[in-house]
Amino acid sequence: MRPRARRWAVALAMGIGGVVPTQDVIAMGTEAASGEQLIAAPASPSSPWALRVPRAGAVVFQGLASFDDAGVGNHFVLYPAPNVIGLVAAMVTHGALVESAKKENRERIQAASDAILAPYKAVLDGFSHEDLLRRALRKLPTGTIVNLVAYDSEPATDSVVDVAPAFSLTPDQRAIVLNIAITIGRRSVVDPAQFRSDVRIVSNTADTADPKTFWNANDGEKLKDLSALLVAESLEIVFRAAAGGTPSNLAQERTVRFMEGSAERIERAQVLENKCGRLLIRNLRGLLMSVPATVPSGERAPALAECAVKTAVTN
Amino acid sequence: MKSSNLTGLSALLLFLTGCATTIPQAPVAFSESSLRAEPGRIGVGMTALPKIETQLPGAFCLLCIAAARAANSALSSHAETLSYENLLDIKQDVANLLTKKGATVAVIGEELKVDELPDFSTKTPGFARKDFSQWAAKYKIDKVLVIDITSLGFVRTYSAYFPTSDPKSHFNGLGYIVNLKSNAYEWYHPVSIVKATDQNWDEPPKFPGLTNAYFQALELGKDSFLRPFASGIVSPAGAVPTDALARSVARDSTAVAK
């Protein structure tokens with residue numbers, strides 16, 4: 001991240017009150033290790049900023065798909081080759097057919113995964129980005145001054161945050177995964193001092209045997225509330241990352257296990273933080289991920305009240 | 001139909017029928033009762049680990065193979081840089097789990113060379129193809145548990161010149177216990193893991209998505225060998241809570257594998 005952008009992002013991070021970067025996170029930064037001062041100056045906690053509503057109106061939800069079985073097999077093909085032109089034509093046709101079959105195969109897998117959303121259609125159809133972001137802002141620390149602005153309107157503040165969230169429901173319908181791109185910039189969308197980060201948040205697993213009733217109750221309040229909580233958590237993570245610089249290479253890459261709904265997931269990553277029943281990790285692509293930490297049987301899961309940072313607990 | 005055609009067809013059928021008489025070995029579930037029935041000493045060992053490489057099945061013709069290799073050269077080069085991590089620890093982890101069940105276990109340090117054993121006289125399902133009896137004296141054991149990881153790395157299927165799938169990581173292997181008195185299988189457990197990337201795979205030179213998939217397959221493959229011993233009698237496809245497995249092999253409490 002450019003120094004100018006970082007100074008500015010730090011000021012923004014300080015501006016959301018309770019989301020001041022912790023010493024732990026700063027100490028893990030490579031630049032912190034080299035002795036660079038990351039937090040240039042304390043900023044006013046009342047610095048206002050704007051969260052811009054994405055252009056698309058409806059919140060994006062899909063079923064979480066696995067492409068482990070994707071592919072169309074390895075069939076043996078004999079090309080008819082009456083001459084060179086015929087051979088080339090046969091090969092081109094074969095290539096086009098294979099590509100088409102692969103695309104159809106992936107689309108079929110995704111469509112099958114999306115089918116689990118059918119019981120929630122009424123709730124999701126009425127869940128707008130504006131509603132999502134309003135709820136998310138209410139979950140940020142108190143004292144945060146944020147203006148929610150429409151995509152095509154001019155923010156009154158100099159600091160603007162753009163988000164592109166996309167949610168997935170796990171196959172067992174007991175957890176939600178948020179993939180979100182967050183850009184912190186100034187009012188001008190062409191400002192080169194933008195800080196951009198992609199984040200994935202995996203919610204804790206809902207303690208329910210009947211997810212349809214659970215999520216749809218009270219006009220989908222729990223589904224909407226959890227979605228907003230995931231967005232709020234992602235904003236908090238990105239502001240801290242922006243303030244702390246690039247997280248370090250000091251943490252060794254490890255194979256991390258966590259629950260995604262009732263299924264165990266494995267990710268090769270650096271573990272940046274482990275607290276309040278959540279792991280903050282950076283995967284091999286550099287994606288920041290907040291995932292549930294496995295609590296060994298017989299141990300008590302930490303209560304929300306014990307944690308300074310809210311966690312994505314649904315139950 | 002002419003008689004010469006009938007003769008040819010009969011010969012072909014006889015040939016094909018002859019090929020089909022080799023019955024594949026079906027999985028044999030591990031049973032704790034086998035430990036109690038014949039308590040003896042169990043040797044646990046592994047064969048040599050395979051090279052981590054990229055396989056391109058389906059590219060049959062010579063030109064297809066050349067084209068497929070050229071198209072995947074960056075991935076092949078990257079595969080060679082990946083590590084086995086703690087894959088060799090499986091035999092010690094299995095030994096620990098068997099010891100917890102009351103078995104007397106000896107970990108065999110050297111690589112097991114199954115191919116060098118003589119063939120067993122009987123080709124019946126339920127019995128090993130190789131004659132393992134000489135290992136009783138060599139390692140002073142009554143049974144041997146072999147972990148044979150046969151292929152590891154990436155796989156991308158082809159149809160002639162064209163890929164029919166994105167590259168995926170894969171882990172294939174076989175675990176089995178042979179009673180050295182009878183040469184019978186007391187556990188036979190094929191393992192086949194395939195993991196795709198969650199997003200785009202084509203990210204040279206480090207291929208982070210596929211590298212992640214590789215370590216996923218590695219971890220799931222290791223679990224597949226350990227799971228049957230983690231909680232009593234479990235079929236090859238049986239599910240065991242992962243935290244129980246993690247505790248059994250003494251992973252740390254944050255579920256972060258070593």
Under 4.5 Å from any heavy atom of chain A, what part of [X] do you find: side chain, backbone, both or neither?
X	value
Lys168(B)	side chain
Glu203(B)	side chain
Phe60(B)	side chain

Can you tell which part of Asn283(A) gets under 4.5 Å to a heavy atom of chain B, answering side chain, backbone, both or neither?
->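 No part of Asn283(A) comes within 4.5 Å of chain B.
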
Partner chain B: residue of Glu99(A), His94(A), Arg265(A), Glu253(A) with the largest heavy-atom pair count (under 4.5 Å) =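 That would be His94(A).
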
Report the option among Cys64(B), Ser159(B), Gly58(B) that has the most heavy-atom pairs separated by less than 4.5 Å from atoms of chain A.
->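 Highest number of heavy-atom pairs under 4.5 Å: Ser159(B).
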
Determine, for Arg268(A) against Glu85(B), whether the closest basic-nitrogen to carboxylate-oxygen distance falls under 4.0 angstrom.
->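 Between Glu85(B) and Arg268(A) there is a salt bridge, with a charged N closer than 4.0 Å to a carboxylate O.
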
Side-chain ion pair, Asp166(B) and Arg106(A), N-O less than 4.0 Å =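 So Asp166(B) pairs with Arg106(A) through a salt bridge.
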
Do Phe30(B) and His189(B) have ring centres separated by under 6.0 Å?
->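 Centroid separation for Phe30(B) and His189(B): 6.0 Å or greater.
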
When the ring planes of Phe207(B) and Trp201(B) are compared, do they come out parallel, tilted or perpendicular, using 30° and 60° as the limits?
->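 Ring orientation of Phe207(B) relative to Trp201(B): parallel.
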
Where is the tightest heavy-atom contact between Phe225(B) and Leu174(B), given as atom of each residue plus distance?
->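 Of all heavy-atom pairs spanning Phe225(B) and Leu174(B), the closest is CE2-C, 3.6 Å.
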
